Amino acid sequence: MTTRRILLTRSAAVIGAASTGLLLPQLVRAQSDKVRVGFMLPYTGTFAQLGVAIENGFRMALNEQGGKLGGREVEFFKVDDESNPAKGIENATRLVQRDKVDVLVGTVHSGVQMGIHKVARESGVLNLIPNAGVHIATRAQCAPNVFRTSFSNSQTTLALGKAMVDRGHKKAVWITWNYAAGDEAFEGFEQGYTAVGGTIVKKLGLPFPNVEFQALLTEIASIKPDAVACFFAGGGAAKFLRDYHAAGLSKTIQLYGSGFLTEGVLEAAGDAANGVLTTLHYSDSLDTPRNKKFRLDYAKTFKLQPDVYAVQGYDTGLLLIKGANAVKGDLANKQPLYAAMRGAVIDSPRGKWRLSPAHNPIQDMYLRKVENKQNKVIGIAQKAVADSGAGCRMG
Ligand code: PHB
């Protein structure tokens, strides 16, 4: 019924505008009975688990609505982006042109995101970013059709330095993968740490997704800093935690990181992760009814413990539901769709959040400590952290 009504309204509109050809893409989209959702996520490689958790979380949010979006059935399309930036444009184009998705949900890796971003800006397809924190997507190249439900790369490390200096750790080595996410996580760390009197004595890096950490750990041992701070995630993070511990460093040099370091890897890392301190916009142990219910439902549905990626996927679903409900499932009705999403308050397992004018969440950062295979909250590191959105003009 809804679809037919949309079609009739659109046909009337098209008669007037057909000569310009402007409404044709919307018409083609509206003709499909189902809302077409495309997942472009990593399902192989070091970020494979992250992609799966995001998809699970997203599906869970929709399942809570009877599997529908604004009253319409949903059809899913999937591409494994392999966290490979070289294939980013091609993979995103496939979802937009071949599968004609109404919304592209992706991705995890900041380099791959740049490919999606180009396609989203050129095609106008709605893009929901469920993880990748690359700054430019919600700064100078922000766009009305691009919404991020996760974080910006520097947002998660801004508050880390204060936690370190509070513990007397004033000289640190930084280590990461050399790509946008690592570089931008460093920007946040450097800004926060130096502002409270910390000194970064050395920056170390290796190419993504290499996990040959040995030479770098030897270098850290010889520098003897007060602390090490880092950005790693996924399978590589588990390996880093194990290698850091095996090298004997966890006894002498406190390890810190953005919280991705200890998300989804606590089983794989075992005792090696104990005592690691991180900052992130989520923690397993948040003692709220909202988080507890989410964790229970997710564990029941997927026989897995949720992590920050599952929460981000879930919140991506919640945001889209807000938009879709406002336009009764007609995602081609862009202005009210975007307006509803821009104004939404998301009641998330991480705590309530809303978007900044540049479409990035404004959110609290928690200080967490790994204890017995759990990320325990030990405080709020910083309240209501917003990305600068520098250079964003929505146009
Ligand atoms: C990124 O590439 O932006 C990225 C990847 C994994 C994370 C966080 C950020 O956990």
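Here the structure is a predicted model, which is why all the values come from computation and not from measurement. The figures here come from the full heavy-atom set of this structure, side chains too, leaving out hydrogens, waters and symmetry mates. Order of listing sets the numbers, starting from 1, for every ligand and every atom in it.
- Under a 4.0 Å criterion applied to the non-hydrogen atoms of Ala233, ligand 1 contributes the atoms 6 (C), 7 (C), 10 (O).
- Side-chain contact of Asn56 with Arg59: a donor-acceptor pair under 3.5 Å is absent, judged by distance alone.
- Checked against the 6.0 Å centroid criterion, the rings of Tyr256 and Tyr193 do not qualify as a close aromatic pair.
- The single protein non-hydrogen atom nearest to atom 2 (O) of ligand 1 is Tyr179 OH, 2.6 Å, given as residue, atom name and distance.
- Against a heavy-atom cut-off of under 4.0 Å, His109 is close to the following atoms of ligand 1: 2 (O).
- In this structure, a donor-acceptor pair under 3.5 Å is absent between the side chains of Thr138 and His359.
- Under the 4.5 Å side-chain heavy-atom criterion for grouping Ile, Leu, Val, Met, Phe, Trp and Tyr, Met60 is connected to Val37 within one hydrophobic cluster.
- Considering both main-chain and side-chain atoms, Ser110 comes within under 3.5 Å of ligand 1 through a nitrogen or oxygen pair.
- The aromatic ring centroids of Phe232 and Tyr244 lie 6.0 Å or more from each other.
- Closest to atom 7 (C) of ligand 1, if we only count protein heavy atoms, is Asn131 ND2, 3.5 Å.
- Residue-ligand proximity, Phe47 to ligand 1, at heavy-atom distances under 4.0 Å covers atoms 5 (C), 6 (C).
- Here's the thing with Ala132: none of its N/O atoms is less than 3.5 angstrom from an N/O atom of ligand 1.
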Under the side-chain contact (heavy atoms from CB on, under 4.5 Å) criterion, do Leu337 and Leu126 qualify, and how do the steps go? CA-CA 10 Å; Leu337 170 72; Leu126 174 60; 4.0 Å; yes
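- Listed by number with element, the atoms of ligand 1 under 4.0 Å from a non-hydrogen atom of Gly133 are 3 (O).
- Taking the six-membered ring for Trp, Phe231 and Phe189 have ring centres at least 6.0 Å apart.
- The single protein non-hydrogen atom nearest to atom 1 (C) of ligand 1 is Val108 O, 3.2 Å, given as residue, atom name and distance.
- Ring to ring, Phe208 and Phe47 are close: their centroids are under 6.0 angstrom apart.
- Proximity of Phe232 to ligand 1, defined as any heavy-atom pair under 4.0 Å, is not found for any part of the residue.
- Of the protein's non-hydrogen atoms, the one nearest atom 10 (O) of ligand 1 is Tyr309 OH, 2.7 Å.
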